[in-house]
Enquirer: 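This structure is in structure tokens; I'll ask about it shortly.
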Amino acid sequence: MKVVVLGADGYLGWPLSLRLLARGHDVIGVDNFVTRKNVKEVGSDSAIPIPAMKDRIKAAKDIHGFNMKFHEGDITDYEFLHKVMKEEKPDAVVHFAETRSAPYSMINAKHATYTLTNNISGTINLIYSMMETNPSAHVVKMGTMGEYGTPNFDIPESAYVDVEIKGRKDRITTPKFAGSWYHWSKVHDTNNILFANKVLKLTFTDIMQGPVYGTRTKEITDEKLHTRFDFDEVWGTVVNRFCVESVLGIPLTVYGSGQQVRGYLSLEDSVQALSLLIENPPEHGEYRVANQFVELLSINQIAETVQKAAKRLGIEVTIGKHENPRVEADRHHYNPEIKVLPGLGFKPKLKMADLTGQLIQDLVPYKEHMSRFHNRILPYTNWRKTENAR
Ligand SMILES: NC(=O)c1ccc[n+]([C@@H]2O[C@H](COP(=O)([O-])OP(=O)(O)OC[C@H]3O[C@@H](n4cnc5c(N)ncnc54)[C@H](O)[C@@H]3O)[C@@H](O)[C@H]2O)c1
């Protein structure tokens, strides 16, 4: 297949590009490198240094013999995206090119509007450019499990649910209540995609993915092929942040009671699941939603897993408690349905307890680099404040 990966320079975009190339697909990457810039803006950096895109592409060629094409540009620029889609005419487009940090979106009004504008307008541009150049292609759009929030019902893996309101029955879109402007941008995207599917009959897979952790996939065999790895309080997701904290000797930053439960998966499993969804598209004109996670775990369980893995490596780390800077339920029901990926034969390769030791070991060589950003790890961005810029 010919696959365009929007956001190919990112944490997920780079390993997925390598996996698709390894599986014999033609891959065309697109990125404007804004994550590199935005992470630096908050005084942080990737824990694992990453080469420039041209050097990554050369390393992929030298090490694995892969030929990857790349277009630098911003997908909120319609002319640019339209030109790429017209030139490439892909079978599938993977859309990762969004700003992905909940705390970043909660810093202040400027960051909230940036996140909402970047994410929503990029998706709208994608819808229009696909309609005008290539309406039969499959769009694989990355959403998040965070769109659902933590409702007191079992989260269905479907676009619509049947309801009865004051005695009358109808189908409505699956209820969602996100927990940050970032997560709301994804809910708005989902609504826009559903509308595009209904009106324009475009084909979508909308993936509701849980937080991803890890440093490697099987193609990342050399440091020139590493993917980025964020760990500060704004850009680092919880497992990756805890592993860096254990290397730096910082008590693990558990927020609130630590009983918040989410669905997690490793980078290897994320890439495996995404490849399956790309290679097994829905029917033409269909909208398919896929929940994507492997294990439901509480923050306390994750902290204990990381603590035990560190201990096995001779690293003693304590578990710290912080007042929760986010507005989220401390204790809640959480039971999302997951049937699409298992139905395609998805079998997770890794559990968190199996991987955290290797993850910590992969970070140790970068201890000195990471320690330069030590003061960016403790929670700072507070949901209840309207100004969090440092
Ligand atoms: N990493 C996770 O745990 C996780 C979990 C659930 C969902 N997601 C979603 O998956 C996608 C990829 O996540 P990631 O962790 O790789 O994030 P990332 O920030 O590392 O990658 C996103 C890439 O898109 C690029 N980009 C952003 N806006 C762009 C624009 N307007 N034009 C061109 N390029 C643009 C960035 O420069 C970056 O390289 C995101 O949509 C994110 O919200 C990630």
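Each ligand, and each atom within it, is numbered from 1 in the order the structure gives.
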Enquirer: Geometry only, no angles: is V34 polar-contacting ligand 1 at N/O separations under 3.5 Å?
Expert: yes
Enquirer: How close does the nearest protein non-hydrogen atom get to atom 16 (O) of ligand 1, and which residue and atom is it?
Expert: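 Scanning the protein heavy atoms, the shortest distance from atom 16 (O) of ligand 1 goes to L12 N, 2.8 Å.
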Enquirer: If you measure from atom 33 (C) of ligand 1 to every heavy atom of G73, S270, A102, S185, which option wins on shortest distance?
Expert: G73
Enquirer: Give me the nearest non-hydrogen protein atom to atom 38 (C) of ligand 1 as residue plus atom name, then the distance to 0.1 Å.
Expert: T35 OG1, 3.1 Å
Enquirer: Give yes or no for whether the N/O distance cutoff of 3.5 Å, strictly under, is met between V30 and ligand 1.
Expert: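 In fact, backbone or side chain, V30 has no N or O that close.
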Enquirer: For atom 39 (O) of ligand 1, grab the closest protein heavy atom and report residue, atom and distance to one decimal in Å.
Expert: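 The closest one turns out to be D31 OD2, 2.7 Å.
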Enquirer: Angle class for the Y104/H111 ring planes (parallel below 30°, perpendicular above 60°, tilted otherwise)?
Expert: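 Geometry flag for H111 against Y104: perpendicular rings.
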Enquirer: Among Y264, F293, F80, Y182, which one has a heavy atom closest to atom 43 (O) of ligand 1?
Expert: Y182
Enquirer: Taking NZ, NE, NH1 and NH2 as the nitrogens, is one of them in K201 or E283 under 4.0 Å from a carboxylate oxygen of the other?
Expert: no
Enquirer: Which protein non-hydrogen atom lies closest to atom 28 (N) of ligand 1, naming both residue and atom, and how far is it?
Expert: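 The closest heavy atom on the protein side is N118 ND2, 3.2 Å.
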Enquirer: What part of K186, side chain from CB on, backbone N/CA/C/O, both or neither, has a heavy atom under 4.0 Å from ligand 1?
Expert: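 For K186, the contact with ligand 1 is made by the side chain alone.
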Enquirer: Can we say K176 and E147 salt-bridge, meaning some charged N sits less than 4.0 Å from an Asp/Glu carboxylate O?
Expert: yes
Enquirer: Record the part of H95 in heavy-atom contact with ligand 1 below 4.0 Å; permitted values are side chain, backbone, both and neither.
Expert: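 Near ligand 1, H95 shows nothing, with every heavy atom at 4.0 Å or more.
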Enquirer: May I ask you to decide whether R36 forms a salt bridge with D9, counting only side-chain N to carboxylate O separations under 4.0 Å?
Expert: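 Here R36 pairs with D9 in a salt bridge, since their nearest N and O are under 4.0 Å apart.
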Enquirer: Closest non-hydrogen protein atom to atom 40 (C) of ligand 1, residue and atom name please, with distance?
Expert: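 So the nearest neighbour among protein heavy atoms is F96 O, 3.5 Å.
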Enquirer: Distance to 0.1 Å, residue and atom name: give those for the protein heavy atom nearest to atom 44 (C) of ligand 1.
Expert: Q209 NE2, 3.7 Å
Enquirer: At what distance is the nearest protein heavy atom to atom 10 (O) of ligand 1, and which residue and atom is it?
Expert: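 Going by distance alone, atom 10 (O) of ligand 1 is nearest to M142 CG, 2.9 Å.
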Enquirer: Should the ring pair H332 and Y334 be called parallel, tilted or perpendicular, given that the plane angle runs from 0 to 90° and is split at 30 and 60?
Expert: perpendicular
Enquirer: Looking only at protein heavy atoms, which one is nearest to atom 20 (O) of ligand 1, and how far off is it?
Expert: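 For this ligand atom, the closest protein heavy atom is Y11 N, 2.8 Å.
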Enquirer: Between Q272 (side chain only) and D269 (backbone N and O only), is there a donor and an acceptor less than 3.5 Å apart?
Expert: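 No, the answer is negative, given that no donor and acceptor are paired below the 3.5 Å cut-off.
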Enquirer: Please say whether T237 places an N or O atom under 3.5 Å from an N or O atom belonging to ligand 1.
Expert: no
Enquirer: Closer than 4.0 angstrom, basic N to acidic O: yes or no for K141 and D189?
Expert: yes
Enquirer: Less than 3.5 Å between some nitrogen or oxygen of R100 and one of ligand 1, yes or no?
Expert: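 For ligand 1, there is an N or O atom that lies under 3.5 Å from one belonging to R100.
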Enquirer: Salt-bridged, K37 to E41, with N to O below 4.0 Å?
Expert: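 Salt bridge: no.
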Enquirer: I'd like to know if E233 pairs up with R241 as an ion pair, taking the criterion as any Lys NZ or Arg NE/NH1/NH2 lying under 4.0 Å from an Asp or Glu carboxylate oxygen.
Expert: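 Judged by the 4.0 Å cut-off on N to carboxylate O distance, E233 and R241 do not form a salt bridge.
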